[in-house]
Amino acid sequence: MEGLGNDFVVVVGSHAFSTSEIAALCDRRRGVGADGVLVVSGDRDRVGMSYFNADGSEAEMCGNGLRCVARLAVDLGMTDRREFSVDTPGGPRRVKVSSSEVTAELGPVTVGEKRRIGNRDFHLVSVGNPHAVSWVEGLEGIRLGSTGRALQDVFSEGINVEMVRVDTPAEISMRVWERGIGETSACGTGAVAAVAAGFAQGLTGEKVEVNLVGGAAQVTLEGGTSWITGPARLVYRGEWPG
């Protein structure tokens, strides 16, 4: 499945994978190829998800993955509702599934300190997982890869890195480097982190269109929680022989 180009191998049922098995699945030359692996479990009463990055490390939350899980749960008849909750490592998250898009709750956002690292300022944000947001004037020619890799040595548990341009108070554009993966087409929690940092500094409003490499998403901050709306799509089904 994919959401804004952020793609996943999605496995249904109670499966346990080793780090090497996840890395093999996500290998784009010798495996299926994906940014990560989603494991979906549940029945009509409960839907749950776990998420693993392409390097096999487990992540606390994945916004695009959560939208994909919600879409799949409806398509497979795991629930007969269009609005329900998904159990995630960060707690239950509400989702709303329509014919064209999925809205997912990503929970409370904490905007922390600003830190100067190298020659750039980063605003630290938690969306249940860690982010470092930096404002840029343009997205072309930025050293996202080297910066993202360098920050993994600064933060012991790793960190997601967002380079963000504020277009208007209601629209931003960004690129993202995800820990355990590298640069990706989109990151749902990264989009929320960028909007939360922008709102905290008076650069954006609470409802913002976020332009990512893989497409646009809508982020809303309200009532102490955050929401992201965007597409989620089944690409194909298959069997893994390993």
Side-chain angles (χ1 to χ4, degrees), residues 2-9 17-38 51-65 89-90 106 109-166 172-198 210-215 217:
E2 64 91 13
L4 297 170
N6 204 184
D7 59 341
F8 312 96
V9 172
F17 294 99
S18 67
T19 299
S20 60
E21 287 172 332
I22 292 169
L25 280 167
C26 294
D27 190 310
R28 295 190 183 277
R29 294 187 180 275
R30 295 183 173 86
V32 178
D35 289 330
V37 172
L38 289 163
Y51 174 63
F52 302 87
N53 294 313
D55 67 352
S57 58
E58 187 169 7
E60 302 90 341
M61 176 55 69
C62 177
N64 291 318
L106 297 191
V109 186
T110 302
V111 179
E113 64 177 339
K114 180 174 73 173
R115 286 185 59 180
R116 185 79 174 178
I117 303 174
N119 61 354
R120 183 175 293 279
D121 289 331
F122 292 91
H123 300 268
L124 304 186
V125 183
S126 173
V127 191
N129 58 356
H131 296 266
V133 178
S134 185
W135 309 116
V136 297
E137 293 184 0
L139 295 172
E140 299 298 326
I142 59 174
R143 300 173 61 86
L144 178 59
S146 59
T147 300
R149 288 188 293 272
L151 261 64
Q152 306 316 298
D153 296 328
V154 177
F155 298 90
S156 60
E157 296 184 357
I159 199 162
N160 303 294
V161 180
E162 289 81 27
M163 301 290 196
V164 187
R165 182 186 72 213
V166 177
I172 63 174
S173 299
M174 60 178 280
R175 288 171 58 188
V176 60
W177 194 99
E178 293 193 63
R179 60 177 180 168
I181 306 172
E183 184 169 4
T184 57
S185 296
C187 176
T189 55
V192 168
V195 172
V210 181
N211 298 308
L212 300 129
V213 173

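Only heavy atoms go into these numbers, but all of them, side chains included; no hydrogens, no water, no symmetry mates.
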Do Phe122 and Ile159 come within less than 4.5 Å of each other through their side chains, counting heavy atoms only?
-> no
Rounded to the nearest 0.5 angstrom, the CZ-CD1 distance for Phe155 and Ile117 is 4.0 Å
In Å, rounded to the nearest 0.5 Å, how long is the span from CD of Glu137 to CZ of Arg165?
-> 10.5 Å
Flag yes if more than 12 heavy atoms outside Arg143 fall under 6.0 Å of its CZ atom; otherwise flag no.
-> no
Work out which heavy atom in Gly180 is nearest to a heavy atom in Ser57; give both atom names and the distance.
-> CA-OG, 4.5 Å
Only one of Asn53, Thr184, Asn129 passes side chain to side chain donor-acceptor pair (under 3.5 Å) with Glu178; say which it is.
-> Thr184
Check against side-chain contact (heavy atoms from CB on, under 4.5 Å), Val210 and Met174 | CA-CA 7 Å; Val210 181; Met174 60 178 280; 3.7 Å; yes
Check whether any side-chain heavy atom of Pro130 lies under 4.5 Å from a side-chain heavy atom of Arg179, and answer yes or no.
-> yes
Per the side chain to side chain contact (heavy atoms under 4.5 Å, CB included) rule, which among Val154, Leu151, Asp121 passes with Arg115?
-> Val154
Option from Asp27, Val37, Asp7, Val9 for which side chain to side chain contact (heavy atoms under 4.5 Å, CB included) with Val32 holds | Val9
Of all heavy-atom pairs between Val176 and Ala186, which one has the smallest distance, and what is that distance?
-> CG1-C, 4.1 Å
Do side-chain atoms of Arg175 reach the backbone of Glu183 as a donor and acceptor pair under 3.5 angstrom?
-> no
Euclidean distance, Leu144 CG relative to Met163 CE, rounded to 0.5 Å | 5.5 Å
Going from CG on Asn211 to CD1 on Ile172, what distance comes out if it is rounded to the nearest 0.5 angstrom?
-> 8.5 Å
So does Arg116 have more than 12 non-hydrogen atoms from other groups sitting under 6.0 Å from CZ?
-> yes
Determine the minimum heavy-atom distance between Val125 and Ala197, stating which atoms define it.
-> CG2-CB, 4.1 Å
Note: Gly188 and Asn64 closest approach over all heavy atoms is N-ND2, 3.3 Å
Output the distance between atom OG (Ser185) and atom CG (Asp35), rounded to the nearest 0.5 Å.
-> 7.0 Å
Greater than 12 external heavy atoms within 6.0 Å of Glu157's CD | no
Apply side-chain contact (heavy atoms from CB on, under 4.5 Å) to the pair Val136 and Arg120, showing each step before the final yes or no.
-> CA-CA 10 Å; Val136 297; Arg120 183 175 293 279; 3.3 Å; yes
CH2 of Trp177 to CZ of Arg149: how many Å apart, nearest 0.5 Å?
-> 7.0 Å
Indicate the atoms forming the closest heavy-atom contact of Asn6 with Cys187, along with that distance.
-> OD1-CA, 4.3 Å
Taking all heavy atoms of Ala194 and all of Val164, pick out the closest pair and write down the distance.
-> CB-CG2, 3.8 Å
Which is it for Asn160 and His131 under the side-chain contact (heavy atoms from CB on, under 4.5 Å) test, yes or no, and what are the steps along the way?
-> CA-CA 5 Å; Asn160 303 294; His131 296 266; 3.4 Å; yes
Would you please classify the geometry between the Tyr51 ring and the Phe8 ring as parallel, tilted or perpendicular, with 30° and 60° separating the classes?
-> perpendicular
